[in-house]
Novice: 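Take this structure first; my questions come after.
Keep in mind that the numbers below use all heavy atoms, side chains included, and drop hydrogens, waters and symmetry copies. In what follows, chains are A, B, ... by sequence order, proteins preceding strands, each numbered from 1.
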Amino acid sequence: MVCKLSTRLMNICVASFCKVQQLEKAEAVIVDAIRLGTLPDVVTYNTLVAAYCRFVDLDAGYSVLHRMREADIYPNVVTYNSLIAGASNHCLLSRCLDLFDEGIRPDVWSYNTLMHCFFRLGKPEEANKVFQDIVTSKLSPCSTTFNTMLNGLCKNGYTANALMLFRSLQRHGFIPQLLTYNILIDGLCKSGWLRAARTILKELGKSGLSPNASTYTTVMKYCFRARQFEEGIEVFHEMKDKGYTYDAFAYCTVNSAFAKTGRLEEVYDLLYEIEEAGLKCDQYTHTTLIDGLCRAGNIDGALKHLKYMDTLGFDSNLVAYNCMVDRLCKAGYTNNALKIFETMEVKDCITYTSLVHNLCKERRFLHASKLLQACLNRGMKVRRPTQRVVVKGLHRSGLYSEARMLQSKI
DNA sequence: ATAGGGTTAG
């Protein structure tokens with residue numbers, strides 16, 4: 001009894017660490033447990049297989065499978081489903097299919113995952129075959145089967161079929177989940193079927209379910225895309241009134257819309273609100289803000305925000321820097337842009353392309369040529385038009401030997 | 001397991 005309890009406790013610990021992507025700590029729990037006489041069971045290993053497939057890769061999942069076999073613990077359908085999901089997430093279709101032939105009888109989850117894999121690879125016919133197989137076989141489809149099918153149809157451009165399937169399912173007694181509604185609303189909006197989307201939204205309201213942050217974010221997205229900003233912001237307020245005030249995803253959507261339309265005061269307010277609530281914006285949001293500030297002519301504000309962004313500990317702020325460099329040039333501060341460029345540890349072909357073009361505009365062809373060569377030396381690709389601008393400029397300025405040198409590197 | 005947002009050069 002004591003032993004069983006401790007295995008369960010160990011599994012809960014392992015699962016908790018896996019959930020937050022701390023796989024070393026999960027492994028350490030197992031090591032400690034073994035030392036105290038508690039052995040991992042099939043659940044422990046299944047948790048690990050799922051985590052390694054998800055956060056590392058399929059082979060890492062397989063290596064857990066081997067460890068499992070060495071420990072004389074037999075994998076079951078859950079183990080295989082995790083591997084199938086791992087193969088599917090990394091778009092490894094043939095390995096996904098291989099897993100169906102390894103002696104474990106697949107269940108409806110296995111097929112759901114396979115169907116999802118086909119849809120992600122843009123193979124709706126194959127996905128549909130799997131769906132038909134599930135429906136006609138002894139496996140009974142679950143709501144995930146239907147949700148996955150509806151989502152896949154929408155994402156692959158079969159919105160009409162999705163709507164037809166949805167209605168047909170309802171006639172057969174299928175009760176949609178909130179997720180089902182969210183999938184359909186997004187799919188219908190994406191295809192421009194706004195009236196149908198509104199109908200579904202109304203049905204959601206009548207169903208007794210309440211829209212969640214995801215629903216609101218979807219609706220907002222399409223309002224902003226259709227340039228109906230006031231309507232989008234109204235939706236945002238409704239969302240907050242309903243109590244969804246802690247979803248960074250939704251906030252960042254609004255943030256970007258503000259930044260793009262020059263409503264910078266409101267962005268700053270919202271950013272403050274987000275950070276006050278202890279939420280975090282990602283690189284995209286900050287980059288959009290920096291871009292918006294530049295476009296509004298507030299270069300100093302953008303520089304200040306870029307510095308602030310540097311303190312936030314993102315892996316890379318490359319795009320924000322690229323943006324800053326380009327906007328500085330366009331605002332006439334090319335030398336400042338070059339100074340920033342020199343401080344950048346990571347650069348990509350966009351950094352170079354941007355500077356090369358801006359330098360050419362200022363007829364600083366020699367400088368542009370040096371940068372272009374540096375870029376090529378680092379093995380980065382530069383598009384033809386960019387190369388041509390520099391070579392032409394050098395010729396026009398009579399810098400023939402430099403032109404020849406550049407040509408030889410191209 | 002399946003649903004939501006967003007960035008730079010030419």
Novice: Please name the pair of heavy atoms, one in Val382(A) and one in Cys375(A), separated by the smallest distance, quoted to 0.1 Å.
Specialist: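 Closest approach of Val382(A) to Cys375(A): CG2-SG, 3.6 Å.
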Novice: At under 4.0 Å between heavy atoms, what does Asp282(A) touch on the DNA or RNA strands: base, sugar-phosphate, or nothing?
Specialist: base
Novice: Within 45 degrees of the ring normal and closer than 6.0 Å to the centroid, is that where the cationic atom of Lys155(A) sits relative to Phe119(A)?
Specialist: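 So Lys155(A) doesn't make the cation-pi contact.
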Novice: Measure up the Tyr308(A) and His286(A) rings against each other and bin them: parallel (under 30°), tilted (30 to 60°), perpendicular (over 60°).
Specialist: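 Rings of Tyr308(A) and His286(A): perpendicular, as their planes differ by over 60°.
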Novice: Could you list by number each residue of residues 236-265 of chain A showing a heavy-atom separation from DNA chain B of less than 4.0 Å, or answer none if no residue does?
Specialist: Asp247(A), Phe249(A), Cys252(A), Thr253(A), Ser256(A), Lys260(A)
Novice: State whether Lys330(A) places a side-chain N or O below 4.0 Å from either non-bridging phosphate oxygen (OP1 or OP2) of dT8(B).
Specialist: no
Novice: Would you indicate which nucleotide in dA9(B), dA3(B), dG4(B) comes nearest to any side-chain atom of Ile350(A)?
Specialist: dA9(B)
Novice: Which residues in residues 363-389 of chain A have at least one heavy atom lying under 4.0 Å from any atom of DNA chain B?
Specialist: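 Contacts with DNA chain B under 4.0 Å: Arg383(A).
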Novice: Starting at CD1 of Ile290(A) and ending at C1' of dG6(B), how long is that distance when rounded to a whole Å?
Specialist: 13 Å
Novice: Do Asn358(A) and dA9(B) have a side chain to base donor-acceptor pair shorter than 3.5 Å?
Specialist: no
Novice: Can you tell me the distance, in whole Å, between the CZ atom of Phe224(A) and the P atom of dG6(B)?
Specialist: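 Spelled out: CZ on Phe224(A) to P on dG6(B) is 10 Å.
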Novice: Within residues 158-182 of chain A, find the residues that approach DNA chain B with a heavy atom at under 4.0 Å, and present them sorted by residue number.
Specialist: Leu179(A), Asn182(A)
Novice: For Arg225(A), enumerate each residue passing the salt bridge (charged side-chain N to carboxylate O under 4.0 Å, His left out) test, keeping only those at least two apart in sequence or located in another chain.
Specialist: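 Counting only residues at least two positions away or on another chain, Arg225(A) forms no salt bridge (charged side-chain N to carboxylate O under 4.0 Å, His left out).
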Novice: Could you work out, with salt bridge (charged side-chain N to carboxylate O under 4.0 Å, His left out) as the rule, every residue matching Asp326(A), not counting sequence neighbours?
Specialist: Lys330(A)
Novice: Round to the nearest Å and state the distance from Phe341(A) atom CZ to dT8(B) atom C1'.
Specialist: 15 Å
Novice: Between Arg327(A) (CZ) and dT8(B) (P), how many Å, whole number?
Specialist: 7 Å
Novice: Would you mind reading off the distance between Leu328(A) atom CG and dT8(B) atom P, rounded to a whole angstrom?
Specialist: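 It is 16 Å, rounded to the nearest whole Å.
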Novice: When you check the glycosidic angle of dG6(B), does it come out syn, meaning within 90° of 0, or anti?
Specialist: syn
Novice: Check ring-ring contact (aromatic ring centres under 6.0 Å, His included) between Phe249(A) and all other residues, then give those that pass, not counting sequence neighbours.
Specialist: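 Phe249(A) satisfies ring-ring contact (aromatic ring centres under 6.0 Å, His included) with no residue once adjacent residues are dropped.
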Novice: For Ser110(A), which residues count as a side chain to side chain contact (heavy atoms under 4.5 Å, CB included) partner, sequence neighbours excluded?
Specialist: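 Checked Ser110(A) against side chain to side chain contact (heavy atoms under 4.5 Å, CB included); matches are Val77(A), Asn81(A), Ile84(A), Phe100(A), Pro106(A), Asp107(A).
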Novice: So for Thr288(A) and dT7(B), does any side-chain atom that can act as donor or acceptor lie under 3.5 Å from a complementary atom in the base?
Specialist: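 Donor-acceptor pair under 3.5 Å: no.
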Novice: Could you state the CE-C1' distance from Met309(A) to dG6(B), rounded to the nearest angstrom?
Specialist: 11 Å
Novice: What is the nucleic acid contact for Ser354(A), judged by heavy atoms within less than 4.0 Å: base, sugar-phosphate only, or nothing?
Specialist: sugar-phosphate
Novice: Between Lys339(A) and Thr343(A), is there a side-chain heavy-atom distance shorter than 4.5 Å?
Specialist: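 No, their side chains stay 4.5 Å or more apart.
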Novice: Between dT2(B) atom P and His116(A) atom NE2, what is the distance in whole Å?
Specialist: 6 Å
Novice: Kindly write out the residues that satisfy side chain to side chain contact (heavy atoms under 4.5 Å, CB included) with Asn335(A), not counting sequence neighbours, or none if the list is empty.
Specialist: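 For Asn335(A) the side chain to side chain contact (heavy atoms under 4.5 Å, CB included) partners, ignoring immediate neighbours, are Leu338(A), Arg364(A).
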Novice: Ignoring hydrogens and geometry beyond distance, is the side chain of Thr218(A) in donor-acceptor contact with the base of dG4(B) at under 3.5 Å?
Specialist: no
Novice: Across the strands shown, which category fits Asp326(A) at heavy-atom distances under 4.0 angstrom: base, sugar-phosphate, nothing?
Specialist: sugar-phosphate
Novice: Identify, with sequence neighbours excluded, every residue that meets ring-ring contact (aromatic ring centres under 6.0 Å, His included) alongside Phe174(A).
Specialist: Phe146(A)
Novice: With sequence neighbours excluded, what pairs up with Val43(A) under the side chain to side chain contact (heavy atoms under 4.5 Å, CB included) test?
Specialist: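 Here the qualifying residues are Asn11(A), Asp41(A), Thr47(A).
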Novice: When you measure from the side-chain N and O atoms of Asn322(A) to the phosphate of dA9(B), is any distance below 4.0 Å, counting only OP1 and OP2?
Specialist: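 Checking Asn322(A) against dA9(B): no side-chain N or O falls below 4.0 Å of OP1 or OP2.
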Novice: Restricting to ring-ring contact (aromatic ring centres under 6.0 Å, His included), what partner residues turn up for Tyr321(A), sequence neighbours left out?
Specialist: none
Novice: Among the nucleotides dG4(B), dA9(B), dG6(B), which one has an atom lying closest to any side-chain atom of Asp186(A)?
Specialist: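 It is dG4(B).
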Novice: Of all the nucleotides listed (dT8(B), dT7(B), dA3(B)), which has the minimum atom distance to the side chain of Tyr284(A)?
Specialist: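 Comparing dT8(B), dT7(B), dA3(B) against the side chain of Tyr284(A), the answer is dT7(B).
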Novice: Could you pull out all residues at least two apart from His116(A) that satisfy ring-ring contact (aromatic ring centres under 6.0 Å, His included)?
Specialist: none
Novice: Among dG10(B), dA3(B), dT8(B), find the nucleotide with the atom closest to the side chain of Lys155(A).
Specialist: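 Closest of the options to the side chain of Lys155(A): dA3(B).
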Novice: Could you give the CZ-to-C1' distance, from Arg225(A) to dG4(B), as a whole number of Å?
Specialist: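 Taking atom C1' of dG4(B) as the reference, CZ of Arg225(A) is at 11 Å.
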